Amino acid sequence: AESAAVASALGGDPTSVLVGEDATEDAVTRRLGGADLLHISSHGHLDDLSPFASSLVLAGADELTVADVTGLSLGTELAVLTGCDTGRGTATLGGDLVGLTRALRRSGVRRTVVSMWPVDDAIAPVLMREFYTRLMGGTSPAMALTAAQVAMSAMTATELTSAYINL
């Protein structure tokens, strides 16, 4: 639902997104190179004991780890990760925070939108549609996210359910 909502808000073809079995590490990595905008909606895995093993879960047993992302050279303007805890990381003894956000920044991503907590699978698609609609209207990522959150908080449970059903 989220991939279709994002593709629609961006004016793209919902069938062109990598979903399910198609979202392998190889397929995702191949698309990262020339992307101005990266949106990955998957489960985030935080590994406190080995922060470079923290990852985004992909198809089958595939993962995109912090170590994998750190090794990439991207020129991406904006990366959006809507998996649970994708913004969290592990603090090192030197005070650095090792996680997906740092790895993305290290690989050349200019801006990131990540989650610091669990993500509701029914709410995220609605929030992302609101976010991308505003972003495509010329609003900055920070303001687009804020406006989308405000719009979501003003919705009743019935309106949220309707918005999800009508994606």
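Values below: every heavy atom of this structure, side chains too, minus hydrogens, waters and symmetry copies. One is the number of the first residue; the rest follow in order along the sequence. Just so we're clear, the structure is a prediction, and the values are computed from it rather than from any experiment.
- Separating the CG atom in Leu38 from the CD atom in Glu77 is a distance of 12.5 Å, to the nearest 0.5 Å.
- Between Ser107 and Val69, the shortest heavy-atom distance links the atoms CB-O, 3.2 Å.
- Under the 4.5 Å side-chain heavy-atom criterion for ILVMFWY residues, no single connected hydrophobic cluster contains both Leu18 and Val57.
- Interatomic distance, CG of Leu64 versus OG of Ser54, reported as 12.0 Å (0.5 Å rounding).
- Closest non-hydrogen pair, Val119 versus Thr82, comes out as CG2-O, 3.2 Å.
- Nearest heavy atoms, Ala124 versus Glu2: CB-OE1, 3.5 Å.
- A single hydrophobic cluster is not seen to contain both Met136 and Met143; linkage of ILVMFWY side chains at heavy-atom distances under 4.5 Å, directly or through other members, places them apart.
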Counting only pairs under 3.5 Å, give me each side-chain donor-acceptor contact of residues 127-134, with atom names and distances, residues two or more places apart or in other chains.
residue	atom	partner	partner atom	Å
Glu130	OE1	Arg134	NH1	2.6
Tyr132	OH	His39	ND1	2.8
Thr133	OG1	Arg129	O	2.7
Arg134	NH1	Glu130	O	3.2

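- In this structure, the side chain of Ser8 does not engage the main chain of Ala4 through any donor-acceptor pair within 3.5 Å.
- Nearest heavy-atom pair across Arg111 and Val109 is O-CG1, 3.2 Å.
- For Arg30, the side chain to side chain donor-acceptor pair (under 3.5 Å) partners are Asp26, not counting sequence neighbours.
- Within the 4.5 Å cutoff, the side chain of Leu10 has heavy atoms near those of the Leu37 side chain.
- Within the 4.5 Å cutoff, no side-chain heavy atoms of Thr65 are placed close to those of Phe52.
- For the pair Leu104/Leu81, a side-chain contact is recorded, criterion being any heavy-atom separation below 4.5 Å from C-beta on.
- You'll find the side chain of Arg102 stays beyond 4.5 Å of the side chain of Leu97, heavy atoms only.
- Put simply, OG on Ser3 and CD1 on Ile40 are 12.5 Å apart, with the number rounded to the nearest 0.5 Å.
- Tyr164 is linked by a ring pair (Phe, Tyr, Trp, His ring centres under 6.0 Å) to nothing, counting only residues two or more places apart in sequence or in another chain.
- Residues Leu74 and Leu58 are members of one and the same hydrophobic cluster, defined by side-chain heavy-atom contacts under 4.5 angstrom among Ile, Leu, Val, Met, Phe, Trp and Tyr.
- Side chain of Thr86 to main chain of Ser115: a donor-acceptor pair is present (N/O by atom type, distance under 3.5 Å, no hydrogens or angles).
- The one candidate from Val114, Thr101, Leu46 that meets the side-chain contact (heavy atoms from CB on, under 4.5 Å) condition with Arg88 is Leu46.
- The CG atom of Leu56 lies 10.5 Å from the CD atom of Glu25; values are rounded to the nearest 0.5 Å.
- At a threshold of 4.5 Å between non-hydrogen side-chain atoms, the residues Leu78 and Leu135 count as touching.
- Between the side chain of Ser50 and the backbone N or O of Asp47 there is no donor-acceptor pair closer than 3.5 Å.
- Between Leu160 atom CG and Ile165 atom CD1 the span is 11.0 Å, to the nearest 0.5 Å.
- The shortest heavy-atom contact between Leu32 and Thr76 is O-OG1, 4.1 Å.
- The neighbour count for Arg106 CZ, taken as heavy atoms of other residues, nucleotides or ligands under 6.0 Å away, does not exceed 12.
- Atom CG of Asp120 sits in a crowded spot, with more than 12 heavy atoms from other residues, nucleotides or ligands closer than 6.0 Å.
- Linking Ile, Leu, Val, Met, Phe, Trp and Tyr residues whenever their side-chain heavy atoms come within less than 4.5 Å leaves Val126 and Val17 in two separate clusters.
- Heavy-atom minimum distance, Val66 versus Leu100: CG2-N, 3.7 Å.
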